[in-house]
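Take a look at the structure set out below.
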Amino acid sequence: MTTPTTTRELPPRYDAAVVEPAIYERWLASGAFTPSEEPPDGAERFVVIMPPPNVTGALHNGHAVFVTLEDTMVRYHRMRGDDTLWLPGVDHASIAAQFVLDRIIGEEGETRQSLGRERYLERMWRFMDETRGVIGRQMHRLGASADWSRERFTMDPFSARAVRVTFKRLWDAGLAYRGEALVNWCPRCRTTISDLENVHREETGTLWTVRYHLLGEDGAADPDAWISVATTRPETILGDTAVAVHPDDDRYRDLVGRVAMIPIVNRRVPIVADEAVELEFGTGAVKITPAHDFDDYELGKRHGLPLVNVLDEDARVNEVGGDLAGRDRYDARREVLARLAAAGDLEGERPHQMVVGRCDRCGTVVEPRLSIQWFVRTRPLADRALASVREGRTRIIPQRFEKVYAQWMENIHDWAVGRQLWWGHRIPAWYCPDGHVTVSDAEDGPDACAACGRPAAELTQETDIFDTWFSSGLWPFSTLGWPDDTPDYRRFYPTSVMETGYDIIFFWVARMMMLGLFCTDVEPFHTVYLHGIVRGEGGVKMSKTKGNVVDPLEVVDQIGADALRFALVSGTSPGNDQRLTAAKLDGARNFTNKLWNASRFVLGARPAPLSEPEGEPSLAERWIASRLADAQARATRQLDELDMGGYAAAAYEFAWGDFCDWFIEMAKVELRREDATPGERSRTWLASAHGLAGTLRIVHPLMPFVTEAAWSLLHEAEPRATAGQPLLIAARWHAGGPADREAEEDMAGLIALIRALRNLRTETGMAPGEWREVAAAPSDASAAAMLERGRAYVEALAHARPLRVLRPGDGVAPPHGAAATTSPLGAAWFMTADASEDRAAHRRRAQAEHLERGIKRLRDLLANQAFVNGAPAQVVQRERARLADLEAQLRQLGD
RNA sequence: GGGCGAUUGGCUCAGCUGGUUAGAGCGCACGGUUCACAUCCGUGAGGUCACUGGUUCGAAUCCAGUAUCGCCCACCA
């Protein structure tokens with residue numbers, strides 16, 4: 001970019017698609033994303049580990065949200081001079097990745113089975129190499145100022161080692177174990193899934209009533225005696241090992257202890273009594289299938305019932321089903337029903353609202369399945385993780401999620417960590433022919449069986465891999481080199497803020513807390529910041545099938561990353577969902593444009609040559625410096641408190657409201673004053689340049705590109721304005737400064753007067769651009785002085801020229817019929833109003849009524865003894881002053 | 001069955017520890033073509049802050065309850 005001397009050399013439109021990538025390259029080349037070799041002396045630390053996106057697809061709005069929030073935090077802290085690190089990475093997403101790859105190889109005419117484990121994994125690595133860069137490049141486009149030199153992957157050797165070491169430690173501590181249990185099984189993904197991946201939904205099913213005949217004295221089923229049971233899953237009849245009734249149920253009291261005959265498989269099973277049975281539900285008698293239902297499993301344990309598994313890993317009936325073997329579970333269900341009906345044992349059926357668990361990934365109905373699995377004993381881990389939050393060592397924003405977190409931790413079950421998948425970290429357990437288990441954290445596995453010393457060659461490694469969240473749970477420290485005591489680990493751990501979506505608080509945050517404390521004995525982060533979900537128009541969750549997806553990459557191409565970022569942060573609060581609408585994006589684009597144009601103005605207004613500044617700062621110059629200091633202080637506080645929406649609003653209000661709407665307009669008055677000396681013009685321009693620099697600093701963390709582009713031009717135009725710092729990303733943050741009370745008060749009065757005059761023009765139908773003579777009757781000497789100081793501004797911004805300031809004091813009132821108004825500075829009126837008298841009078845009456853209403857309200861309030869006595873003196877004082885002011889205004893309005 | 005959140009002008013949302021006449025953007029109405037920006041400028045209309053009760057000198061804000069919507073957790077066939 002070239003040095004601008006006039007606006008003509010600046011593009012009138014900010015072309016994000018061209019400018020932003022170029023700026024990102026400059027940042028990369030400058031090394032600004034990477035922390036210095038040594039931490040700056042006495043610097044605070046600010047470390048964010050990026051939630052690793054799945055490498056399976058393109059960037060979506062969820063990513064855009066976290067990139068924006070984290071980048072904003074990180075840029076702010078970097079500008080503050082903190083020892084800042086934002087470490088990026090990607091997740092191998094075991095089950096999700098396999099789901100995607102299976103589809104891809106399916107299109108190539110292959111299947112997981114046809115390729116086999118080895119070739120499948122080779123294909124997966126190829127897929128990863130192809131897609132891994134895509135996400136990174138998309139993040140560049142969003143402006144992510146992450147330290148790419150430290151980028152990590154949950155399948156890299158560092159993660160792999162951390163996984164092995166952690167598991168070994170868990171095993172040694174007795175917190176990892178292998179055992180038989182009923183687990184959630186997805187027949188389509190052919191793997192165990194955790195409770196969290198088993199999503200429950202209410203669905204309408206069918207409740208069938210089926211007769212189980214009782215065993216007669218002759219040992220055969222009695223055709224005339226039966227017990228009716230209700231079931232939603234008739235196919236599991238094949239695995240029934242009991243019928244249960246409630247012990248207090250008089251209907252069945254006599255049957256307890258007798259034997260029922262299970263149809264089709266002709267199994268003899270006991271009728272047992274158990275309090276878990278609901279008297280009211282169905283027939284009051286329940287068929288018990290311990291191998292295919294979690295409730296039945298528990299009940300079976302209580303009564304010592306056998307476990308009969310009737311389904312294979314594809315959820316097809318196994319050999320137990322006799323001639324039904326090989327049938328799919330739903331196919332088998334139909335057949336079972338048909339046979340029951342044929343035998344006259346199907347009593348009835350009715351629609352039934354029930355809760356069905358489905359696989360989070362593929363939507364298949366989850367099958368409880370009996371198998372031998374690896375578990376992590378979570379209770380002790382959860383207790384520590386719970387205490388950390390309870391005792392405030394880690395806080396969650398918004399705070400209400402601490403309760404959600406606590407409830408989950410309190411009711412936690414052991415974590416089934418094994419997955420019967422291929423893509424992921426293989427569980428580092430080895431089995432020897434004698435049944436011993438050896439867990440090793442060595443890269444090449446154990447040398448020998450830990451129990452009997454058999455050589456490694458005779459051991460076989462577990463084929464199961466870890467739940468993908470196991471490696472994710474180690475992310476805050478595996479990325480920094482743990483278990484080694486690396487310089488990065490020492491310098492950057494524990495981290496500062498974990499920013500992520502509230503939808504993965506259990507999946508991820510909880511696991512990081514548990515494993516972080518277990519592995520490192522310290523909370524992995526002091527703050528958890530949870531953002532909400534991005535929804536579409538009407539508050540609907542975005543989905544491709546609904547066609548309401550806003551593609552962040554398209555948005556970035558069209559209106560720029562800054563606009564998207566602003567839209568994603570403004571008007572949001574942590575933990576709450578937001579709607580990303582076209583209108584919101586338009587507004588954000590307009591703001592980007594506004595920033596660009598304000599910059600164009602300042603740069604184009606530079607006097608050439610610039611001379612030595614002369615004279616005292618003008619009122620406008622003092623005012624904008626004071627407003628800037630205030631905005632800086634607000635932005636600083638909000639960013640420190642992680643009130644990102646508040647920060648966005650403060651930045652917006654200052655930039656657009658204070659700087660553009662008022663300051664620039666007043667600066668124009670001074671820059672274009674005919675009697676201004678070159679030194680005075682230079683002084684005003686420098687103040688504008690400093691104002692612009694301050695604006696860019698404040699906005700930069702959220703909208704880095706347009707601010708950096710403008711900064712770069714400003715730096716070339718006037719290095720004094722940029723403190724000699726050519727790159728805004730590396731500039732120092734300004735946290736505020738002293739307020740100029742006098743300038744603020746003056747300007748507040750003048751702004752009120754200008755607004756009142758503009759309003760008067762519109763209300764009385766005066767042409768807005770026409771110059772009019774205005775008289776102002778200041779309420780007192782200080783108001784008169786204020787009017788003199790701001791005369792030029794009032795004249796220019798209200799088209800009120802000449803402005804005649806009358807002598808202060810009582811008795812000066814607008815002439816009858818004049819278009820008049822009041823403000824805290826006193827009355828003012830158009831002297832040459834040709835507006836209709838009716839309108840002027842109407843306008844005056846309206847103003848008077850308005851004042852009277854306010855006066856009445858305040859008089860009533862102050863007449864209330866309870867208020868005067870009860871409220872703080874300060875509040876009462878303020879109301880008294882207000883009343884006096886309104887009364888004075890009314891008096892001055894005259895008539 | 002538990003828990004949580006939301007309910008503020010037509011729309012989308014701010015309103016912290018209770019204290020002016022409840023704000024913003026969009027939309028709407030009216031008016032604006034000279035030198036940053038029509039992706040703009042100015043002015044204005046529009047709200048019983050879901051409802052009921054309570055605490056208080058004072059409540060959108062605190063408490064209790066109700067309603068509607070949404071979310072999370074939970075093993076009822």
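Throughout, a chain's letter reflects where its sequence line sits, starting with A, and its residues are numbered from 1. Everything numeric here is computed off the predicted structure, so don't read it as measured data.
- No hydrogens or angles considered: nothing links the side chains of A:Gln874 and A:Arg878 as a donor-acceptor pair under 3.5 Å.
- The nucleotide B:rG1 finds its pairing partner in B:rC73, both defining distances of the Watson-Crick or G-U wobble pair being shorter than 3.5 Å.
- Taking atom CD1 of A:Ile855 as the reference point, atom P of B:rU20 lies 19 Å away to the nearest angstrom.
- Across all strands shown, B:rC37 forms no Watson-Crick or G-U wobble pair with both distances under 3.5 Å.
- On the C1' atoms, B:rU56 is 23 Å away from B:rA50, given to the nearest whole Å.
- Using a 4.0 Å heavy-atom criterion, one finds that A:Phe401 contacts no nucleic acid atom at all.
- Here the P atom of nucleotide B:rC72 and the CH2 atom of A:Trp508 are 20 Å apart, to the nearest Å.
- Atoms NE2 (A:His352) and C1' (B:rA77) sit 7 Å apart, rounded to a whole Å.
- Under the Watson-Crick and G-U wobble criteria, each requiring two contacts below 3.5 Å, nucleotide B:rC62 is paired to B:rG54.
- A straight line from CG of A:Leu797 to C1' of B:rG32 spans 15 Å, rounded to a whole angstrom.
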Atom pairs under 3.5 Å: protein N/O with N/O of nucleotides 22-24 of chain B:
none

Self-check item: Letter per nucleotide, 5' to 3', of nucleotides 2-19 of chain B [B base touched, S only sugar-phosphate touched, - untouched; heavy atoms, 4.0 Å]
Solution: -SSS------SSS----B

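- Salt bridge status for A:Glu665 with A:Lys668: present, with a side-chain N to carboxylate O gap under 4.0 Å.
- The listed nucleotides are B:rU43, B:rC71, B:rA77; the one nearest the side chain of A:Arg535 is B:rC71.
- Checking A:Gly284 against A:Asn864, the closest nucleotide of RNA chain B that is more toward the 5' end is the one next to A:Asn864.
- Near RNA chain B, meaning a heavy atom under 4.0 Å from it, residues 655-672 of chain A has A:Trp656, A:Cys660, A:Asp661, A:Ile664, A:Glu665, A:Lys668, A:Arg672 in order of number.
- Residue A:Arg589 places its side chain closer to B:rU39 than to any other of B:rA77, B:rU39, B:rA36.
- B:rG32 and B:rC16 have their C1' atoms separated by 40 Å, given to the nearest Å.
- Between A:Tyr647 and A:Val699, the closest heavy-atom pair is OH-O, 3.5 Å.
- The separation between A:Met766 atom CE and B:rG42 atom P is 19 Å, rounded to whole Å.
- Each of B:rA77, B:rC71, B:rG31 was ranked by its minimum atom distance to the side chain of A:Pro768; first place goes to B:rG31.
- Note: A:Trp771 and A:His799 have tilted aromatic rings, judged against thresholds of 30 and 60 degrees for the angle between ring planes.
- Applying the Watson-Crick and G-U wobble criteria (two distances, each under 3.5 Å), B:rA45 pairs with nothing in any strand.
- Between the P atoms of B:rA24 and B:rA6, the separation comes to 23 Å (whole Å).
- In terms of phosphate contacts, A:Asn590 brings a side-chain nitrogen or oxygen within less than 4.0 Å of OP1 or OP2 of B:rC40.
- Rounded to whole Å, the C1' atom of B:rG42 lies 23 Å from the corresponding atom of B:rG10.
- A:Asp577 and A:Tyr502 share a side-chain donor-acceptor pair at under 3.5 Å.
- Of the candidates B:rU43, B:rA36, B:rA77, the closest approach to any side-chain atom of A:Phe281 belongs to B:rA77.
- Residue A:Arg882 has its side chain nearest to B:rU20 when only B:rU39, B:rU20, B:rA36 are considered.
- The P atoms of B:rG23 and B:rC49 are separated by 14 Å, rounded to the nearest whole Å.
- Residues A:Leu307 and A:Tyr297 share a closest heavy-atom pair of CD2-CD1, 3.8 Å.
- Residues A:Trp711 and A:Leu696 share a closest heavy-atom pair of N-CD1, 3.7 Å.
- As rounded to the nearest Å, B:rC62 and B:rC4 have P atoms that lie 15 Å from one another.
- Using a 4.0 Å heavy-atom cutoff across all strands shown, A:Val229 reaches no nucleic acid atom at all.
- Here the nucleotide nearest the side chain of A:Asn759, chosen from B:rA77, B:rC26, B:rU43, is B:rU43.
- The aromatic rings of A:Tyr14 and A:Trp596 sit tilted relative to each other, their planes meeting at an angle between 30° and 60°.
- Note: CG (A:Asp249) to P (B:rC76) measures 21 Å, nearest angstrom.
- Closest heavy-atom contact between A:Thr764 and A:Ala819: CG2-CB, 4.1 Å.
- No side-chain N or O of A:His413 forms a donor-acceptor pair with one of A:Asp195 less than 3.5 Å apart.
- Under the 30°/60° scheme for interplanar angles, the aromatic rings of A:Phe281 and A:His352 are found to stand perpendicular.
- One C1' atom belongs to B:rU17, the other to B:rC30, and the distance between them is 43 Å to the nearest Å.
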Quiz item: A:Gln578 and A:Thr572: side-chain hydrogen bond (donor to acceptor under 3.5 Å, both in side chains), yes or no, with the steps?
Solution: CA-CA 6 Å; A:Gln578 63 162 313; A:Thr572 67; 5.3 Å; no

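- Rounding to whole angstrom units, CD1 of residue A:Ile751 and P of B:rU43 are separated by 11 Å.
- The number of heavy atoms from other shown groups lying within 6.0 Å of CD (A:Glu203) is above 12.
- Rounded to the nearest Å, the gap between the C1' atom of B:rA22 and that of B:rA59 is 12 Å.
- A:Glu887 has a carboxylate O that lies under 4.0 Å from a charged side-chain N of A:Arg859, or vice versa, which qualifies the two as a salt bridge.
- B:rA24: Watson-Crick or G-U partner is B:rU12, with both key distances under 3.5 Å.
- Crowding of A:Gln399 atom CD: a count of heavy atoms from other residues, nucleotides or ligands under 6.0 Å not exceeding 12.
- Partner assigned to B:rA67 is B:rU7, using Watson-Crick or G-U wobble distances below 3.5 angstrom.
- The nearest whole Å value for the distance from the CD atom in A:Gln877 to the P atom in B:rC57 is 21 Å.
- Nucleotides of RNA chain B nearest to A:Thr762 and A:Phe506 differ in position, and the one nearer the 5' end is that of A:Thr762.
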